[in-house]
Amino acid sequence: MSEPVGIHVEGVHFGYPGRPVLRGVDLTVRPGELAALIGLNGCGKSTLLRLAAGLLRPDEGRVLLGGDDLARLSRRAAARRVALLHQSSPAVPGMTVRHLVRQGRYAARGPLGMLREDGDGDPVVARALRDVGVERWAGREVDALSGGERQRVRLAMALAQDTRVLLLDEPTTYLDLHHQLDVLRTVVRLRAERGLSVVMVVHDLAHAARFAERVVALRAGRVVADGTPKEVVTPGLLADVLRVAGRVGEDPEGGWPVCYPDHPLPPLEYENHIH
Ligand SMILES: Nc1ncnc2c1ncn2[C@@H]1O[C@H](COP(=O)(O)OP(=O)(O)OP(=O)(O)O)[C@@H](O)[C@H]1O
């Protein structure tokens with residue numbers, strides 16, 4: 001028997017009508033592992049996360065969560081195992097931070113459990129608010145928060161699902177540098193403390209190289225590189241995957257790769273076909 005894994009994406013093909021996006025993607029992320037997913041705009045990163053969360057069904061291939069086929073799980077059972085922080089979410093007029101984060105408990109508690117809850121009662125909600133340092137805003141309206149504040153509250157909502165697999169689509173969007181690092185370090189800490197499998201879409205290679213155990217590069221619907229930051233983040237990757245010319249050095253203390261991007265390269269032929 002092979003080792004049970006957090007999340008295992010196997011041979012996944014997917015397209016929207018008239019638009020093939022993923023063409024046979026394999027990806028395994030073990031408990032306690034943080035994988036950064038990188039690639040050009042429109043290459044299919046968010047689509048892959050939505051498939052991994054069970055919000056889309058693969059045309060071919062499958063997604064396994066701890067060995068169970070996601071396609072066989074109900075929406076609610078899936079939501080107890082995998083949480084997705086979306087790139088953006090619609091505004092909800094009048095909703096408080098606590099109320100929004102409580103929404104993350106729906107899968108675990110069910111409709112009756114949600115009704116019975118007395119407000120502050122759920123310790124997982126309190127912990128999620130604390131994890132991202134937003135407990136002092138619990139009574140504020142979400143719509144009255146800044147973009148960065150709202151992003152952290154949305155992360156708290158994903159954490160409130162209390163799943164072993166966490167999918168984060170650009171979790172540092174809107175955040176200032178201080179809070180980018182704060183959120184990334186929180187994710188790194190939680191994945192170690194709670195043995196989470198984390199897949200995180202990032203555009204900032206510095207963050208991928210510094211905080212992820214693995215960097216997975218997607219191009220034209222396929223995984224074209226998957227390894228440690230040192231293995232993957234190279235001038236070749238900058239050029240082939242991100243269409244940027246630049247140098248790659250090494251952090252003198254930590255040893256992780258440091259990029260010095262210089263100028264964009266023209267798109268490749270396949271990109272014109274796909275997009
Ligand atoms: N609901 C949809 N219907 C049709 N096409 C879609 C839909 N969602 C995304 N696409 C297309 O699928 C492709 C992949 O989109 P996706 O959002 O997965 O890219 P991405 O890598 O996450 O991009 P970005 O870095 O810009 O967030 C794009 O060409 C996009 O236009």
Side-chain angles (χ1 to χ4, degrees), residues 7 9-27 29 34-63 70-71 75 78 82-90 147-148 150-151 154-155 158 165-175 180 183-184 187 197-209 211-212 214-226 229 232-233 237-244 246 259 261 264-275:
I7 186 159
V9 174
E10 203 175 82
V12 162
H13 290 248
F14 179 82
Y16 299 102
R19 183 180 288 270
V21 177
L22 301 178
R23 302 157 184 250
V25 168
D26 295 304
L27 174 65
V29 183
L34 169 58
L37 186 59
I38 63 169
L40 287 175
N41 289 142
C43 74
K45 302 179 297 297
S46 299
T47 301
L48 179 55
L49 292 199
R50 290 168 66 78
L51 285 154
L55 302 180
L56 297 171
R57 292 272 180 249
D59 298 329
E60 270 179 58
R62 58 186 189 156
V63 176
L70 182 57
R75 197 41 97 72
V82 53
L84 169 62
L85 172 68
H86 293 265
Q87 223 172 16
S88 62
S89 57
R150 210 173 306 147
Q151 181 74 353
R154 292 172 59 244
L155 176 60
V165 177
L166 189 58
L167 308 172
L168 305 173
D169 203 345
E170 300 184 36
T172 55
T173 310
Y174 303 119
L175 299 184
Q180 288 178 31
V183 158
L184 290 166
V187 170
S197 301
V198 184
V199 185
M200 178 170 79
V201 171
V202 278
H203 285 297
D204 189 333
L205 270 184
H207 290 161
F211 293 107
R214 285 190 26 224
V215 177
V216 178
L218 209 56
R219 186 186 66 189
R222 292 196 178 87
V223 172
V224 291
D226 181 351
V232 171
V233 180
L237 172 103
L238 292 184
D240 296 343
V241 174
L242 302 176
R243 301 306 295 150
V244 163
C259 296
L265 296 167
L268 293 175
E269 188 59 15
Y270 69 80
E271 289 162 349
N272 294 330
H273 285 307
I274 288 182
H275 302 301

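When reading the values below, keep in mind they use all heavy atoms of this one structure, side chains included, and skip hydrogens, waters and symmetry mates. We count ligands from 1, going down the list as the structure has it; atoms in each ligand are counted the same way. Note that the structure is predicted; figures quoted are calculated from it, not measured.
- Side-chain contact between V232 and D226: absent, with no pair of heavy atoms (C-beta onward) separated by less than 4.5 Å.
- Heavy-atom contacts of H203 reach the following atoms of ligand 1: 25 (O) (cutoff under 4.0 Å).
- At least one side-chain heavy atom of L168 sits less than 4.5 Å from a side-chain heavy atom of L155.
- Interface of V21 with ligand 1, defined as ligand atoms under 4.0 Å from a residue heavy atom, comprises 12 (O), 13 (C), 14 (C).
- The closest approach between G39 and ligand 1 stays at or above 4.0 Å for every heavy atom of the residue.
- Distances shorter than 4.0 angstrom occur between a heavy atom of Q87 and an atom of ligand 1.
- The NZ atom of K45 sits 7.5 Å away from atom CG of L218, with the distance rounded to the nearest 0.5 Å.
- Residue N41 touches ligand 1 through backbone and side chain together, judged by heavy-atom distances below 4.0 Å.
- Every atom of ligand 1 with a heavy atom of E170 under 4.0 Å away is listed here by number and element: 27 (O).
- When non-hydrogen atoms are compared, ligand 1 lies under 4.0 Å from neither the backbone nor the side chain of L48.
- Ring pair H207/F211 is tilted by interplanar angle, where 30° to 60° counts as tilted.
- Atom OG1 of T172 and atom NE2 of H203 lie 9.5 Å apart (nearest 0.5 Å).
- Near T47, the atoms of ligand 1 lying under 4.0 angstrom from a non-hydrogen atom of the residue are 14 (C), 15 (O), 16 (P), 18 (O).
- With rounding to the nearest 0.5 angstrom, the CG atom of L184 is 8.5 Å from the CG atom of D204.
- Atom CD in Q87 sits 9.0 Å away from atom CG in L49 (nearest 0.5 Å).
- In this structure, the separation between CD on E170 and CG on L37 is 10.0 Å, given to the nearest 0.5 Å.
- For L218, the closest heavy-atom approach to ligand 1 does not fall below 4.0 Å.
- For ligand 1 and R19, the ligand atoms under 4.0 Å from any heavy atom of the residue are 5 (N), 11 (C), 12 (O), 29 (O).
- For ligand 1, the atoms closer than 4.0 angstrom to any heavy atom of L40 are 21 (O).
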